[in-house]
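All heavy atoms count here, side chains included; hydrogens, waters and symmetry mates do not.
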Amino acid sequence: MSSYKSDFLRELETRGFIHQLSDAEGIDEAAVEKIVTGYIGFDATAPSLHAGSLVQIMLLRWLQKAGHRPIALMGGGTTRIGDPSFRDDARPLLTDEKIDENLNGIKAVFAKFLTFGNGKTDAVMVNNRDWLDDLHYIDFLRDYGRHFSVNRMLSFDSVKIRLDREQNLSFLEFNYMILQAYDFVELNRKYGCTLQMGGSDQWGNIVNGIELGRRADGSSLYGLTSPLLTTSSGAKMGKTASGAVWLNADMLSPYDYWQYWRNAEDADVGRFLKLFTELPLDEIARLEKLEGSEVNEAKKVLATEATAMAHGRAEAEKAANAARTAFEEGAISADMPTVEIEAFETGLGLLTALVQAGLCSSTSDARRQIKGGAVRVNDAQIGDEKMVLAGDDLTSEGVIKLSLGKKKHVLLKPKS
């Protein structure tokens, strides 16, 4: 039984979102008495966010569903530095053009999860470059730098671990936490934002913002962090052997996205259903009790619900149907991922095809998979790494079904 009064914190607690709260009672009371404006920052280091950012996106979604106002802060300014938190080295510096390009890709993600508009609880998207670019350095240091203790900043785990490992931390990166703290103050002034949320690796940065708001403006600000997620086997969320699990459909198809969740480890299914779907908790409890082969049914529900959240219900159902066709019926579905390749006049080596299809990371990886018996062409297991795909391998549908293991399938289609 939750000890919280507010729908917002009760939902977060029961679903496993809460790791730390700066003032649990204060946040809870505010969420009962008024509309709370809360934000999370997202730096534009890639053209899309990946599944590792989903916990933060869902925090904003639950904030809005509980009747509050979320702010998605785009880090157009802070991306120019790069967050050093818990990194072994500095992030590569991106050009302004690349940052703007990445921002455009990321913005599309939030429209799937949040409702934007001009209403009291409608989501707001802002870019911290709008105020960071206009800061006068000397004035900024005088007005805000005096509120930061270097001794305190050095004590935060995100900095301390880097220094303990004798890994370089540039002065540029060291400024990041000051700028993030200033973001909180600026959002409080402009939008009445009183809550910053983030992963537990952001705790030090969030505390800095709370303290800066108190010292500079006398503001009462709050912080909430979520646990940093890994899979039961210790793998990082949002990453697979073949790359990142992107949230934009042009970088990862809804079918492959569905497959990522379908392939979740058994021990993670219940936890992921709570975090990444909006299924009622009693239904999740029922699915958690499934054992043996029945766990696969829970995984399919997870995959379909998570995909519906990111890509829409229609795409989720198409992916589920395509998977059913491929796995349970061994047939070809038009909704399977399709890769266009050059015509087969000269043939195409199987090793090259596996790499071009994205099923293997390199020809040496492809060679290992073939030797391990994991590769199939049109559902026939292949043991010859020198095999060349040709026109007579095309099915009646005009494609070649290339499979890696039981769960990864790609259709190769000659360019017309």
Side-chain angles (χ1 to χ4, degrees), residues 1-42 49 53-75 106-107 109-128 130 180-181 183-200 202-203 205-207 209-210 212-214 217-227 274-281 309-310:
M1 188 75 176
S2 176
S3 58
Y4 297 117
K5 302 173 185 176
S6 64
D7 292 341
F8 175 56
L9 288 187
R10 278 204 305 268
E11 195 71 52
L12 294 192
E13 182 183 43
T14 53
R15 288 182 176 268
F17 281 97
I18 298 177
H19 179 67
Q20 293 163 297
L21 294 165
S22 64
D23 178 357
E25 186 176 341
I27 298 171
D28 197 30
E29 287 182 2
V32 169
E33 296 171 359
K34 58 188 176 182
I35 295 174
V36 172
T37 298
Y39 92 96
I40 299 177
F42 301 86
L49 299 177
S53 298
L54 269 178
V55 169
Q56 310 313 317
I57 296 172
M58 291 300 291
L59 277 171
L60 292 176
R61 184 175 173 89
W62 282 114
L63 181 70
Q64 186 170 48
K65 284 177 71 69
H68 304 288
R69 181 170 66 157
I71 295 178
L73 176 64
M74 299 291 99
I106 290 171
K107 287 176 182 177
V109 172
F110 288 95
K112 303 286 183 66
F113 291 86
L114 302 174
T115 300
F116 290 87
N118 298 315
K120 291 182 178 180
T121 63
D122 284 342
V124 179
M125 181 175 288
V126 294
N127 187 338
N128 64 12
D130 292 344
Q180 183 172 327
D183 282 346
F184 200 176
V185 172
E186 190 72 18
L187 290 172
N188 177 248
R189 292 171 178 172
K190 288 180 180 292
Y191 300 95
C193 179
T194 56
L195 174 65
Q196 182 182 173
M197 300 182 289
S200 59
Q202 294 300 311
W203 181 247
N205 292 336
I206 291 173
V207 169
I210 292 171
L212 181 61
R214 177 176 56 80
D217 295 344
S219 303
S220 295
L221 305 180
Y222 305 104
L224 181 158
T225 64
S226 59
K274 290 175 184 175
L275 292 171
F276 303 121
T277 81
E278 291 178 343
L279 286 177
L281 291 170
M309 195 82 71

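- If you take CG on Leu73 and CG on Asp183, they are separated by 5.0 Å, rounding to the nearest 0.5 Å.
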Compile the donor-acceptor pairs under 3.5 Å between side chains in residues 112-122 and protein atoms, sequence neighbours left out, one pair per line.
unit_1	atom_1	unit_2	atom_2	d
Lys112	NZ	Ala310	O	3.2
Asp122	OD2	Asn118	N	3.3
Asp122	OD2	Gly119	N	2.7

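- Counting all heavy atoms, side chain and backbone alike, Cys193 lies closest to Ile71 at CB-CD1, 4.2 Å.
- Looking only at side-chain heavy atoms (C-beta outward), Ile210 and Arg214 stay at 4.5 Å or farther from each other.
- Under the side chain to side chain contact (heavy atoms under 4.5 Å, CB included) criterion, Glu278 pairs with Met58, Arg61, Trp62, Lys65, Met309, sequence neighbours left out.
- Leu195 contributes atom CG, which lies 11.5 Å from atom CG of Leu187 (distance to the nearest 0.5 angstrom).
- Annotation: the span from Met74 atom CE to Ile106 atom CD1 amounts to 6.5 Å, rounded to 0.5 Å.
- Between the side chain of Arg10 and the backbone N or O of Lys5, at least one donor-acceptor pair lies under 3.5 Å.
- Contacts of Asn188 classified as side chain to side chain contact (heavy atoms under 4.5 Å, CB included), with partners at least two apart in sequence or in another chain: Thr194, Ser219, Leu221.
- A distance of 4.0 Å separates OG1 in Thr225 from CD in Gln20, rounded to the nearest 0.5 Å.
- Under the rule for a side-chain hydrogen bond (donor to acceptor under 3.5 Å, both in side chains), the partners of Ser226 that lie at least two apart in sequence or sit in another chain are Gln56.
- Between Ser200 and His19, the shortest heavy-atom contact is CB-CD2, 3.4 Å.
- Annotation: side-chain hydrogen bond (donor to acceptor under 3.5 Å, both in side chains) contacts of Ser22 (sequence neighbours excluded): none.
- For Thr277, the side-chain hydrogen bond (donor to acceptor under 3.5 Å, both in side chains) criterion is met by no residue, not counting sequence neighbours.
- Residues satisfying the ring-ring contact (aromatic ring centres under 6.0 Å, His included) test with Phe184, not counting sequence neighbours, are Tyr39.
- Listed by chain and residue number, nothing satisfies the salt bridge (charged side-chain N to carboxylate O under 4.0 Å, His left out) test with Lys34 (two or more places apart in sequence, or in another chain).
- The closest side-chain heavy-atom distance from Phe42 to Ile57 is below 4.5 Å.
- Here the CD1 atom belonging to Ile206 is positioned 9.0 Å from the CE atom belonging to Met197, to the nearest 0.5 angstrom.
- Shown here are the side-chain hydrogen bond (donor to acceptor under 3.5 Å, both in side chains) partners of Asp28, two or more places apart in sequence or in another chain: Ser6.
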Apply side chain to side chain contact (heavy atoms under 4.5 Å, CB included) to residues Tyr4 and Ile27 and explain how you reach the verdict. CA-CA 10 Å; Tyr4 297 117; Ile27 298 171; over 6 Å; no
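- For Asp23, the side chain to side chain contact (heavy atoms under 4.5 Å, CB included) partners two or more places apart in sequence, or in a different chain, are Glu25, Tyr222.
- Using a 4.5 Å heavy-atom cutoff, the side chains of Tyr191 and Val126 are in contact.
- Checked against salt bridge (charged side-chain N to carboxylate O under 4.0 Å, His left out), Arg69 has no partners two or more places apart in sequence or in another chain.
- Separation of atoms OG1 (Thr37) and NZ (Lys190) is listed at 14.5 Å; rounding is to 0.5 Å.
- Partners of Lys274 according to the side chain to side chain contact (heavy atoms under 4.5 Å, CB included) rule, which considers only residues two or more places apart in sequence or in another chain, are Arg15, Leu281, Ile284, Glu288.
- Using modelled atom types and a 3.5 Å distance limit, the side chains of Gln180 and Gln196 yield a donor-acceptor pair.
- In terms of heavy atoms, Leu63 sits closest to Pro70 at CD2-CA, 3.8 Å.
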